[in-house]
Amino acid sequence: MTEQELLRRESLQKLRDLGIDPYPAEMFEVTAQAADILSNYQEEELEDGSKNRLNYQDVALAGRIMATREAGKALFMNLQDSSGRIQLYLRRDELSDGEDFTFFDVVLKKLLDLGDYVGVQGYAFKTKTGEVSVRVLKFKILSKSLRPLPIVKRDAEGNIHDAFTDPEQRYRMRYVDLTVNPEHREIFIKRSKLIKTMRAYLDELGLLEVETPILQPIHGGAAARPFTTHHNTLDMKLYLRIANELYLKRLIVGGFDGVYEFAKMFRNEGMDRTHNPEFTALEFYVAYKDYIWMMGITEQMLERVARALSPDGSATVEAGGHTLDFSGPYTRLTMFDAIKKYTGLDVESVSENELRAYCSKEHIEIDPSMGKAKLIDEIFGEKVEAHLIQPTFLIDYPVEMSPLTKKHRSKAGLVERFELFVLGKEVANAYSELNDPIDQRERFEDQLQLAERGDEEAMAMDEDFIRALEYGMPPTSGIGFGIDRLAMLFTGQTSIQEVLFFPQMRPEH
RNA sequence: GAUCCCGUAGCUCAGCUGGCAGAGCACUUGACUUUUAAUCAAGGUGUCAUGGGUUCGAAUCCCAUCGGGAUCACCA
């Protein structure tokens, strides 16, 4: 243990010796928050120049002590609660029992440490320098802190000194990060608001929030490598879901007109600043709609999110050096037109071999297992994606890349699918869902062939899903949003770890 | 998975042409009844990530390992 930890344990024992419980059991009733008092405290000046305090004259607050400034027989502290920080002013004569100054001189000045949780009762006032503070008449220790917090100081110009910045420590000890870096709290509050706004919108649309299995016997609905686990009683292999799409569509088969799920997905793939092994998706499916309807819904929903998260209610977001405008309608570009626009290449009229030649010339990595559709996707990823800064719908994908999507109503070889790109990144993926069970079986069979060709991510046949479609699924449109990506976008973060409370880390020791 | 950078006090960091382990904040002791990066006086911080090597001597140079970050590859 370090010197400071030993000292804190000694303080703990001394408190007990004085008959003070450092971890009392009974609740402490809080009647006010720091931010409320700071923004709403009022006083009036009387004719004789004295002040008449108008509100918060009997308040109880609780939180952590984050700074102390001793001034002889007076003491200033900064108390931090979940709303912010407020200054406390304590006087020895007001916190002592007659001539016994033990509580002030020993407990408050010696045994109290930064980071301790305390509860105080008193009244709001303004100090000589004009700072709204709480004059403390009763003071109670609620929980003793045994480790020193990093001390982050902010000077009069707002410059931060000795910030707690090491990403490794911030992620491993997020509780410390959240305590000392209020700007990081804000990211998570915004994330929560993002999800709340989306949920409210979907509820208004009349969709039903549902939950579907995380442990799945077949990992369907996306192209990705799964985590595997084992159920002892059933003695069978199970997969952590890589997607929930096939389950949500079963619910549409079952007669729900619209369902949504905020779902943790698990993918056993690489980790970097935009990928965590577990991540959150919002998926929703609505009967009797198509992908064109879904584009309109997406525009409405994201515009509402942008306005809810921006301080002034505007639909624009500053991120990655751009001002992103989420008010619809967004640009709609077919995949082939997008490639033509940014490369001049007309992928529709060229052969697979010509595409291979183009990729070699442009140093785009390809392998023999790739078909024409995959080559087009590679070219798109290399040459187009990064240009799609403002929200853009990319529509009408080759059928081979989209085994769960309905064939295009008028364009042969394509499907009714769109992906939404913002800041060069995909944030949503939507289709008119394939509901023809015979076609769906053929698509799964094509996937099996891809698997035999060496594609590790090809989808597996799901007989029960086919059976469900055979009973009949209404025409349906569905979409999936990457919630972490959206959170990054709307909070201006470039690393997924900054929008996850507990990003995946290697073991510490 | 590959490449590069980083790891020194509780926190932020300096020290790296090899020669006694450093600063600010935090902490300890004392002064101060409206301070606020409080101030003033005095004081102690340590497995220099871990293990090995070179050397009279290693925080410093070399090798390996662990952890993190950035870039690339794969993916959402």
Side-chain angles (χ1 to χ4, degrees), chain A residues 1-8 10-11 66-78 85-95 104 109-110 113-115 125-131 133 135 145-173 176 180-181 222-225 242-243 265-283 365 367 377-378 381-382 419-421 425-429 456-457 480-486 488 494-497 503 505-509:
Chain A
M1 255 187 283
T2 65
E3 182 195 25
Q4 293 196 45
E5 288 173 279
L6 289 169
L7 283 162
R8 281 171 183 240
E10 281 173 26
S11 300
M66 297 302 285
T68 59
R69 293 177 292 282
E70 288 182 29
K73 297 178 185 65
L75 196 49
F76 295 89
M77 298 181 182
N78 291 343
R85 288 187 187 189
I86 191 166
Q87 175 168 264
L88 306 179
Y89 175 56
L90 305 92
R91 295 166 60 112
R92 191 171 80 168
D93 53 4
E94 292 175 344
L95 284 157
F104 190 88
K109 285 179 119 176
K110 299 265 184 269
D113 292 304
L114 297 187
F125 76 110
K126 255 188 201 177
T127 63
K128 202 161 64 179
T129 53
E131 177 161 348
S133 309
R135 187 145 169 174
S145 165
L146 296 182
R147 288 175 184 262
L149 283 169
I151 303 298
V152 181
K153 294 196 173 187
R154 196 178 293 263
D155 66 22
E157 285 83 47
N159 302 312
I160 295 173
H161 299 262
D162 301 326
F164 178 58
T165 51
D166 180 3
E168 178 173 2
Q169 294 204 70
R170 289 203 297 110
Y171 303 153
R172 287 196 195 281
M173 298 191 286
V176 174
V180 304
N181 293 323
R225 285 162 58 199
I242 57 172
M265 307 296 184
F266 306 85
R267 298 192 181 173
N268 205 342
E269 292 171 342
M271 297 166 53
D272 60 29
R273 72 180 198 291
T274 57
H275 296 86
N276 195 64
E278 57 184 284
F279 65 99
T280 304
L282 162 64
E283 301 243 346
E365 249 181 76
D367 69 64
D377 191 39
E378 291 292 322
E382 285 293 323
E419 291 188 317
L420 177 65
F421 286 86
K425 297 264 161 49
E426 181 199 336
V427 299
N429 181 17
E456 276 185 57
E457 296 176 338
F481 287 89
I483 294 296
D484 312 285
R485 294 279 172 83
L486 282 179
M488 288 166 65
T494 55
S495 164
I496 197 170
Q497 292 150 311
M505 302 284 276
R506 286 197 162 81
E508 207 167 337
H509 297 296

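Keep in mind that this is a model prediction, so the values were computed, not measured. Numbers restart at 1 for each chain; the letters A, B, ... are given by sequence-line order, proteins then strands. Every heavy atom of this structure was used, including side-chain atoms; hydrogens, water molecules and symmetry mates were not.
- Between the CZ atom of A:F76 and the C1' atom of B:U39 there is a distance of 13 Å, given to the nearest Å.
- The base of B:A76 is not paired with the side chain of A:E269 by any donor and acceptor separated by under 3.5 Å.
- Heavy atoms of A:N276 sit under 4.0 angstrom from at least one base atom.
- Here B:G44 presents its P atom at 16 Å from CD of A:Q4, a figure rounded to the nearest Å.
- Rounded to the nearest Å, the gap between the C1' atom of B:U33 and that of B:A37 is 22 Å.
- Taking atom CG of residue A:D155 and atom P of nucleotide B:U12, one finds them 18 Å apart after rounding to whole Å.
- For the pair A:F266/A:P277, no side-chain contact is recorded, criterion being any heavy-atom separation below 4.5 Å from C-beta on.
- Of the nucleotides present, B:G30 is the one that pairs with B:C40 by Watson-Crick or G-U wobble criteria, both distances under 3.5 Å.
- No side-chain donor-acceptor contact under 3.5 Å links A:R225 to the backbone of A:E269.
- The side chain of A:R506 places an N or O atom within less than 4.0 Å of a non-bridging phosphate oxygen (OP1 or OP2) of B:G67.
- Counting distance only, with no hydrogens placed and no angle test, the side-chain atoms of A:D162 and the base atoms of B:G24 include a donor-acceptor pair under 3.5 Å.
- B:U28 and B:G10 have their C1' atoms separated by 14 Å, with the value rounded to a whole Å.
- Between the A:N181 side chain and the A:F164 main chain, a donor and an acceptor come within less than 3.5 Å of each other.
- The base of B:U33 sits within donor-acceptor range of the side chain of A:R91, with an N or O pair under 3.5 Å.
- Within 4.0 Å of A:E426, counting heavy atoms only, lie sugar-phosphate atoms of the nucleic acid but no base atom.
- For B:A76, the base has no donor-acceptor partner in the side chain of A:N429 [N/O atoms by modelled type, under 3.5 angstrom].
- Counting only heavy atoms from C-beta outward, the side chains of A:I160 and A:V152 approach each other to under 4.5 Å.
- Distance noted for atom P between B:G46 and B:C40: 26 Å (whole Å).
- If you measure from atom CZ of A:R170 to atom P of B:G69, you get 10 Å, rounded to the nearest angstrom.
- Residue A:R172 is in sugar-phosphate contact alone, with no base atom involved, counting any heavy-atom pair closer than 4.0 Å across all strands shown.
- For A:D272 against B:C72, no side-chain N or O and base N or O form a donor-acceptor pair under 3.5 Å.
- Considering only side-chain atoms of A:P148, the nucleotide from B:A37, B:U34, B:G10 that sits closest is B:G10.
- If you measure from atom CD1 of A:I151 to atom C1' of B:G10, you get 9 Å, rounded to the nearest angstrom.
- Taking a centre distance below 5.5 Å and an interplanar angle below 30 degrees as the stacking criterion, A:F279 stacks against the six-membered base ring of B:A76.
- Nearest nucleotide to the A:R485 side chain, out of B:A76, B:A70, B:G67: B:A76.
- Comparing the same atom, C1', in B:G24 and in B:C20 gives a spacing of 23 Å after rounding to whole Å.
- Of the P atoms belonging to B:C11 and B:A49, the separation is 13 Å, rounded to the nearest Å.
- Between B:C32, B:A26, B:C74, one nucleotide has an atom nearer to the side chain of A:L114 than all others, and that is B:A26.
- Nucleic acid contact class of A:R8 (heavy atoms, under 4.0 Å, all strands): none.
- For the P atoms, the distance linking B:A73 with B:U54 amounts to 42 Å, nearest Å.
- What separates CD of A:E382 from P of B:A73 is a distance of 6 Å, to the nearest Å.
- Contacts of A:M265 with the nucleic acid, taken as non-hydrogen atoms under 4.0 Å apart, are absent.
- The side chain of A:E168 has B:G67 as its nearest neighbour among B:U35, B:C11, B:G67.
- Contact of A:T165 with B:U12 (side chain to base): no donor-acceptor pair of N or O atoms is detected under 3.5 Å.
- Side-chain atoms of A:E3 lie closest to B:G44 of the nucleotides B:G44, B:U12, B:A70.
- For the pair A:D484 (side chain) and A:T280 (backbone), a donor-acceptor distance under 3.5 Å is present.
- Comparing A:D166 and A:G72 along RNA chain B, the residue whose closest nucleotide (by nearest heavy atom) sits nearer the 5' end is A:D166.
- One P atom belongs to B:A64, the other to B:A23, and the distance between them is 35 Å to the nearest Å.
- Backbone-only contact: A:R273 has heavy atoms under 4.0 Å from sugar-phosphate atoms and none from a base.
- With hydrogens and angles ignored, no donor-acceptor pair under 3.5 angstrom links the side chain of A:E131 to the base of B:U34.
- When heavy atoms are screened at a 4.0 angstrom cut-off, A:F125 is found touching base atoms of the nucleic acid.
- Looking at heavy-atom distances under 4.0 Å, A:A224 makes no contact with the nucleic acid at all.
- For B:A38, one of the phosphate oxygens OP1 or OP2 lies less than 4.0 angstrom from a side-chain nitrogen or oxygen of A:K153.
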Any chance you could lay out the side chain to side chain contact (heavy atoms under 4.5 Å, CB included) test for A:R91 and A:L95, step after step, and finish with the verdict? CA-CA 6 Å; A:R91 295 166 60 112; A:L95 284 157; over 6 Å; no
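- Dashed line: the shortest gap from a side-chain N or O of A:Q169 to OP1 or OP2 of B:C11 is under 4.0 Å.
- Across the C1' atoms, B:A9 and B:A21 are found 10 Å apart, a figure rounded to whole Å.
- Rounded to an integer number of Å, the gap from CD of A:E70 to P of B:C32 is 11 Å.
- Pairing partner, B:C72: B:G1, with both Watson-Crick or wobble hydrogen-bond distances short of 3.5 Å.
- Between A:Q497 and B:G69 there is a side-chain polar atom (N or O) within less than 4.0 angstrom of OP1 or OP2.
- At B:U39, none of the side-chain N or O atoms of A:R69 fall inside 4.0 Å of OP1 or OP2 (strictly under the cut-off).
- Between A:I496 atom CD1 and B:A76 atom P the separation is 13 Å, expressed in whole Å.
- Although no hydrogens or angles enter the test, the distance criterion places a donor-acceptor pair under 3.5 Å between the side chain of A:R485 and the main chain of A:T274.
- Applying the Watson-Crick and G-U wobble criteria (two distances, each under 3.5 Å), B:G67 pairs with B:C6.
- The partner of B:G22 is B:C13, by the rule that a Watson-Crick or G-U pair needs both atom distances under 3.5 Å.
- Counting only heavy atoms from C-beta outward, the side chains of A:R135 and A:E94 approach each other to under 4.5 Å.
- Regarding contacts with the backbone of B:A76, every side-chain N or O of A:K425 stays at 4.0 angstrom or more from both OP1 and OP2.
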As a quick check of understanding, evaluate side chain to side chain contact (heavy atoms under 4.5 Å, CB included) for A:E168 and A:M505, giving each step before the final call. CA-CA 9 Å; A:E168 178 173 2; A:M505 302 284 276; 4.1 Å; yes
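- Using modelled atom types, one side-chain atom of A:K109 and one backbone atom of A:G72 make a donor-acceptor pair closer than 3.5 Å.
- With distances taken from any side-chain atom of A:K110 to the nucleotides B:A26, B:G30, B:U33, the minimum falls on B:G30.
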